[in-house]
2 protein chains.
Amino acid sequence: MTASERVYASLRAAVLEGQFPPCQALKPQELATRHGVSLAVAREALLRLVGEGLADRLPKRGFAVPATGAERWQQIAEARSLMEPAALRLAVARGDLEWEAAVRASHHRLAGTPFFERPGDTWVSDAWAEAHRRFHRTLLEGCGNDVVLETFDRLWTAGELARRWSLAADPARDADAEHRAIEEAALAREADRAADLLCRHILHTAASLKS
Amino acid sequence: MTASERVYASLRAAVLEGQFPPCQALKPQELATRHGVSLAVAREALLRLVGEGLADRLPKRGFAVPATGAERWQQIAEARSLMEPAALRLAVARGDLEWEAAVRASHHRLAGTPFFERPGDTWVSDAWAEAHRRFHRTLLEGCGNDVVLETFDRLWTAGELARRWSLAADPARDADAEHRAIEEAALAREADRAADLLCRHILHTAASLKS
DNA sequence: AACCTACAGATAATCGATTATTTTCGGTAG
DNA sequence: CTACCGAAAATAATCGATTATCTGTAGGTT
């Protein structure tokens, strides 16, 4: 693995984990020193973050963690609520047996992954977050459109970042029941119901952060 | 303006203009020499292209123009046909007087821009392409959601690239009538009709390249 | 007291050269 | 004739240093 890969992965994880507050300057020199690499490598990693929307570039003034917050999170959720239900309709129309199997598998993994790392934790575990992402992505993979999936990935990543700097999630919410309902509707080939449930699920998640 | 800005803009224009065939290697050393800058600058420009999806990165094997074609163009059109009608509904519901004025203005500009640079040209003029983009973007701007607009920008750019390497457009098509119909429906606040017309417009454009 | 200006420190942008990896091209054995 | 191997060339990755630009502050002016 190249040095810039390592620095990039490390930085990306740190930003998504919320180790830097929004608008925090990301200084190439400091990052280079910390990781024991040269400036060029640190710059390259930062450029890649910018491409992914995980860093802002201020010309002549360096890089910074993007300013996010509840408002942007709402916009991301709304964008998802436009795209994903429509994509799910396509997936329901086109998905084959392999897709059905993948949906079942990813939901099973999600349902079997504990919400919290340890009882009393304030934030969901990385494992659950990843299983959650995989479930939602698998649902859409049936549409067979790579561009749609790239768009999903982008919005999901942006959402992960913005969510960190919004309020904590509503713990009382029974997300699993919603996931199960979406899965059943999709596999029953009920496009309208599946799309509607997914739309509500996305907006419901967003609403639980608004308060 | 910084050197990397210049190289980046120049490269971006060249790629979008189709000066490099798909899968053409983009060699940092060559670009640096050609533009009279150092390797680091050329690399930075390429990294930015990658972030925008206008270049592919093959680890340890450099950069290349993304492999595109009719198939990818169809996928992009389909992705747009999922997102944009839904966004237009929002815009119709939320757009204010300023939005209405902007829509009228951008359509007027589009209608007044000649399709071809000179009679007999094989491809539409840059001016028309830009006016076309502005019209479609303005339609969606009424939704007031920056994330949706970023997604639109991304898909449009990707479409510009892929379209170059697809077949030529159907010249007999009367695109202006479709644009006018969409504008009228949107300003009449007929969300369903506007969304339907936009969806057909996108898919129609895609279909005209399939043959 | 408020505002401009020059200086100093910090930091971004750029460069030229070095190192590591991949690809290519002969050459040789099977 | 084909397949494998190794040296040479090409090129990607990385480095350390230099130059240009910005930011904040101290000092002077209105």
Side-chain angles (χ1 to χ4, degrees), chain A residues 1-68 150 161, chain B residues 1-68 150 161:
Chain A
M1 187 191 289
T2 68
S4 92
E5 279 282 339
R6 245 183 309 112
V7 175
Y8 163 73
S10 164
L11 242 186
R12 184 192 146 99
V15 169
L16 280 177
E17 205 177 308
Q19 286 184 18
F20 307 106
C23 296
Q24 164 86 270
L26 296 168
K27 303 175 189 176
Q29 181 61 67
E30 184 186 321
L31 294 171
T33 306
R34 177 181 307 282
H35 288 83
V37 295
S38 77
L39 276 180
V41 174
R43 273 181 81 78
E44 171 166 335
L46 286 167
L47 257 330
R48 290 174 68 176
L49 264 313
V50 171
E52 249 187 314
L54 291 178
D56 275 351
R57 178 165 207 198
L58 317 166
K60 298 280 188 187
R61 245 186 280 176
F63 303 88
V65 178
T68 61
E150 287 165 21
L161 175 64
Chain B
M1 187 191 287
T2 67
S4 91
E5 280 281 339
R6 245 182 309 113
V7 175
Y8 162 74
S10 163
L11 242 185
R12 185 192 146 98
V15 170
L16 280 178
E17 207 176 305
Q19 287 185 17
F20 307 106
C23 296
Q24 165 85 268
L26 297 168
K27 302 176 187 174
Q29 180 62 65
E30 184 186 322
L31 294 171
T33 306
R34 178 181 309 280
H35 289 82
V37 295
S38 77
L39 276 179
V41 174
R43 273 182 80 77
E44 171 165 336
L46 287 167
L47 257 328
R48 290 174 69 177
L49 264 313
V50 171
E52 249 187 316
L54 292 178
D56 276 352
R57 179 162 206 203
L58 317 166
K60 297 282 188 187
R61 246 186 278 178
F63 304 86
V65 177
T68 61
E150 286 165 22
L161 175 63

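Reminder, nothing fancy here: chain letters follow the sequence lines and each chain counts from 1. Because only heavy atoms are used, hydrogens play no part in the values below, and waters and symmetry mates are left out as well, while side chains stay in.
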**Report entry** A:T2 and A:Y8, any side-chain heavy atoms less than 4.5 Å apart
**Finding:** no
Requested in this report: Tell me, please, the opening and closing nucleotides of DNA chain D, 5' to 3', among those with an atom under 4.0 angstrom from a non-hydrogen atom of chain B.
Outcome: D:dT11 to D:dT14
Donor-acceptor list for residues 26-34 of chain B side chains, cut-off 3.5 Å, not counting sequence neighbours:
| residue | atom | partner | partner atom | Å |
| --- | --- | --- | --- | --- |
| B:Q29 | NE2 | B:T33 | OG1 | 3.3 |
| B:E30 | OE2 | B:R34 | NH2 | 3.3 |
| B:T33 | OG1 | B:Q29 | O | 2.9 |

Requested in this report: Round to the nearest Å and state the distance from A:Q29 atom CD to C:dA10 atom C1'.
Outcome: 11 Å
**Report entry** Separation of atom CZ in A:R43 from atom C1' in C:dA12, rounded to whole Å
**Finding:** 6 Å
Testing the basics here: between [X] and [Y], what is the closest heavy-atom pair and its distance to 0.1 Å?
{"X": "A:G53", "Y": "A:L161", "result": "O-CD2, 4.2 Å"}
{"X": "A:P21", "Y": "A:V65", "result": "O-CB, 3.7 Å"}
{"X": "A:A67", "Y": "A:C23", "result": "CB-SG, 3.6 Å"}
{"X": "A:V7", "Y": "A:A45", "result": "CG1-CB, 3.8 Å"}
{"X": "A:S4", "Y": "A:V41", "result": "CA-CG1, 3.5 Å"}

Report summary line: Pairs under 3.5 Å (Watson-Crick or G-U), crossing ones as [ ], inter-strand ones as |: DNA chain C comes out as ||||||||||||||||||||||||||||||
Query raised in the report: If you round to the nearest 0.5 Å, how far is CZ of B:F63 from CZ of B:R43?
Result: 5.0 Å
**Report entry** Comparing A:L39 and A:E44 on DNA chain D - which has the more 5′ nearest nucleotide
**Finding:** A:E44
Query - A:R6 vs A:P59, nearer the 5' end of DNA chain D by closest nucleotide - result: A:R6
Please list, pair by pair, any protein nitrogen or oxygen found under 3.5 Å from a nitrogen or oxygen in nucleotides 22-25 of chain C.
| residue | atom | partner | partner atom | Å |
| --- | --- | --- | --- | --- |
| C:dT23 | OP1 | B:R61 | NE | 3.0 |

Query raised in the report: Applying salt bridge (Lys or Arg N to Asp or Glu O under 4.0 Å), which residue pairs with at least one partner in residues 48-57 of chain B are found, sequence neighbours left out?
Result: A:E44-B:R57, B:E5-B:R48, B:R12-B:E52
Query raised in the report: Which residues, if any, of residues 49-57 of chain A bring a heavy atom under 4.0 Å of DNA chain D?
Result: none
